[in-house]
2 protein chains.
Amino acid sequence: MLEKAALILDCFSPSGGPYRLSELSERTGLPKPTVHRLAADLVRLGWLERSGPRYLLGAKLFELGSLVPHRRDLRETALPFLQDLFEATRETIHLGVREGMEVVYLERIHGHEALRLPSRIGGSLPLTCTAVGKALLAFSGAELTEEVLSRPLPSLTPHSITDPARLRMALEKIQVSGLSYEEQEAALEVSCIAAPVFAGDTAVAALSVAVPRSRFRPAQLAPAVRTAALGLSRVLRGGGATTFPLSSLRTRPYTDKSR
Amino acid sequence: MLEKAALILDCFSPSGGPYRLSELSERTGLPKPTVHRLAADLVRLGWLERSGPRYLLGAKLFELGSLVPHRRDLRETALPFLQDLFEATRETIHLGVREGMEVVYLERIHGHEALRLPSRIGGSLPLTCTAVGKALLAFSGAELTEEVLSRPLPSLTPHSITDPARLRMALEKIQVSGLSYEEQEAALEVSCIAAPVFAGDTAVAALSVAVPRSRFRPAQLAPAVRTAALGLSRVLRGGGATTFPLSSLRTRPYTDKSR
DNA sequence: ATGTTTGTTCCGTGACACGGAACAACGCGG
DNA sequence: CCGCGTTGTTCCGTGTCACGGAACAAACAT
């Protein structure tokens, strides 16, 4: 029964848009009366909201989601550095962590000019298609790299890297330079540069600046991104009593075969 | 059973901190085996995580919570204005909406200097104890004001307004000035100034800047807050082609005849 | 008016949630 | 090292409540 409720809620990812009863029934594969009953319960609990015939995710979920410790602590600690980076570049800033073979975005800040990007807070993208993802992958251990390279590489645009050899070279360049570049691999007309945030020798996060291709000036962005990432790394290292222990930043090891 | 699962998850609000099985059992009033079974299910679904004997809110909740349409759309639209405000003041910025008789914070951005505040993203505070809350209350209709005034006024600090007459006067001042002030009513040594975001003649949100009392300069902050709030109001009104309109998030157009 | 899709109610059946009890795994002080 | 309180886990018989087909109602479409 919890499982069925989860099925219903998962319908709203990633589109989030409102759904009607019969759509939910179809998408979950559950019979209509079942969805009807469960959805009513979920509304009672605040997990869903209902306006007319349409169901939406409810406010309670937002409240609980904001409390998730891993996410909240890192986001909170990183925010000042993201602000610095935004102020220095006035471009779109991302903060992401690795989860399995994907990158999950914890924060995205921008000004009035809205880039059309596939990234969303709480959403995930393939590690191989974004600057943040490649920065994370390059510093997540050789086994993960091999695992990723052994599978077909997904692509978001025609520019996404699909050749394993090319990706391997790109990762090696990232490992020596500490900087990850991406040009139109996640969205057309958008380029991106990212830097990993270290805990020891592995990346616990990465942050990036995304910019319209036309005004992509890597030489100017690179120092800013690197500076912000290193500053965050240092704070996470534990100096500050204001921040939380590193243990709370552990990402799930991809060797987790349970399930 | 859903209800019991919700009880368990609600244990994590607002502290969010990790809990052990027996703590959950005690706080929910559910017998231990029941909590054990439910918690295991929740972990399987990604709603909870478990590290050793401690349960935490899971990543799935963060993902779903980020998708809640009301919250996400408003936050996304407001963000550029919050950035403007931050850049102009370099102080802590809040965005909040009203939910019942409380204010819920949708966003909070700040620099390296961290104020010690009771506000948390996704968290709620009494309408009467914060600048954002009073700004919302002042423009939410007379009935709500009376409702609030008819009950005992909660307080977060010794400076919180507890005298109904004084609060009524404060609200009237807000209504004529369009600005809401607060001094140490939510946290000691912190002052705050807020402005409502309008849709028609009622406030749909409010944004504020919080600053250490020692350097509180209302005359300089007021224009910035008002400018940002008015800018956001205008964009919400629907004109703005500069940001992506809310309508782009609807899958299909509809006319809401219900209710 | 008439078919079609969507939302809701009903209810008999049976799966499975329930939680007391008993057991196992700690952590601690002696 | 050993007893002892605490916490976590497994077991399983009982009874409940989730389940979903079927029938009905309401909302569109034509």
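The 5' end of DNA chain C is approached more closely, in terms of each residue's nearest nucleotide, by A:Ser22 than by the other of B:Leu30 and A:Ser22.
Atom NZ of B:Lys32 is separated from atom C1' of D:dG5 by 11 Å (rounded to the nearest Å). Remark: P of D:dA25 and CG of A:Leu21 are 18 Å apart, rounded to the nearest angstrom.
Expressed to the nearest 0.5 Å, how far CD of B:Glu107 lies from CG of A:Leu79 amounts to 7.0 Å. How far CG of B:Asp41 is from NE2 of B:His36: 10.5 Å, rounded to the nearest 0.5 Å. Between atom OG1 of residue A:Thr34 and atom CE of residue A:Met1 there is a gap of 10.0 Å, rounded to the nearest 0.5 Å.
Using a 4.0 Å cutoff to heavy atoms of chain B, the contacted part of DNA chain C runs 5' to 3' from C:dA17 to C:dA21.
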Would you mind writing out the side-chain donor-acceptor pairs for residues 139-146 of chain B within the sub-3.5 Å range, not counting sequence neighbours?
residue, atom, partner, partner atom, Å
B:Ser140, OG, B:Arg98, NE, 3.4
B:Ser140, OG, B:Leu136, O, 2.5
B:Thr145, OG1, B:Gly141, O, 3.4
B:Glu146, OE1, B:Arg168, NH2, 2.8
B:Glu146, OE2, B:Arg168, NH2, 2.8

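Residues that satisfy the side-chain hydrogen bond (donor to acceptor under 3.5 Å, both in side chains) test with B:Arg27, not counting sequence neighbours, are B:Tyr19. Applying the side-chain hydrogen bond (donor to acceptor under 3.5 Å, both in side chains) rule to A:Ser119 yields the partners A:His94; only residues at least two apart in sequence or on another chain are considered.
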Write down the protein N/O and nucleotide N/O pairs, taken from nucleotides 15-19 of chain D, whose separation is under 3.5 Å; answer none if there are no such pairs.
residue, atom, partner, partner atom, Å
D:dC19, OP1, A:Lys4, NZ, 2.8
D:dC19, OP2, A:Arg37, NH1, 2.8
D:dC19, OP2, A:Arg37, NH2, 3.3

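Overall, the helix from C:dA1-D:dT30 to C:dG30-D:dC1 carries an axis bend of 50° between its ends, with five pairs at each end and the value rounded to 10°.
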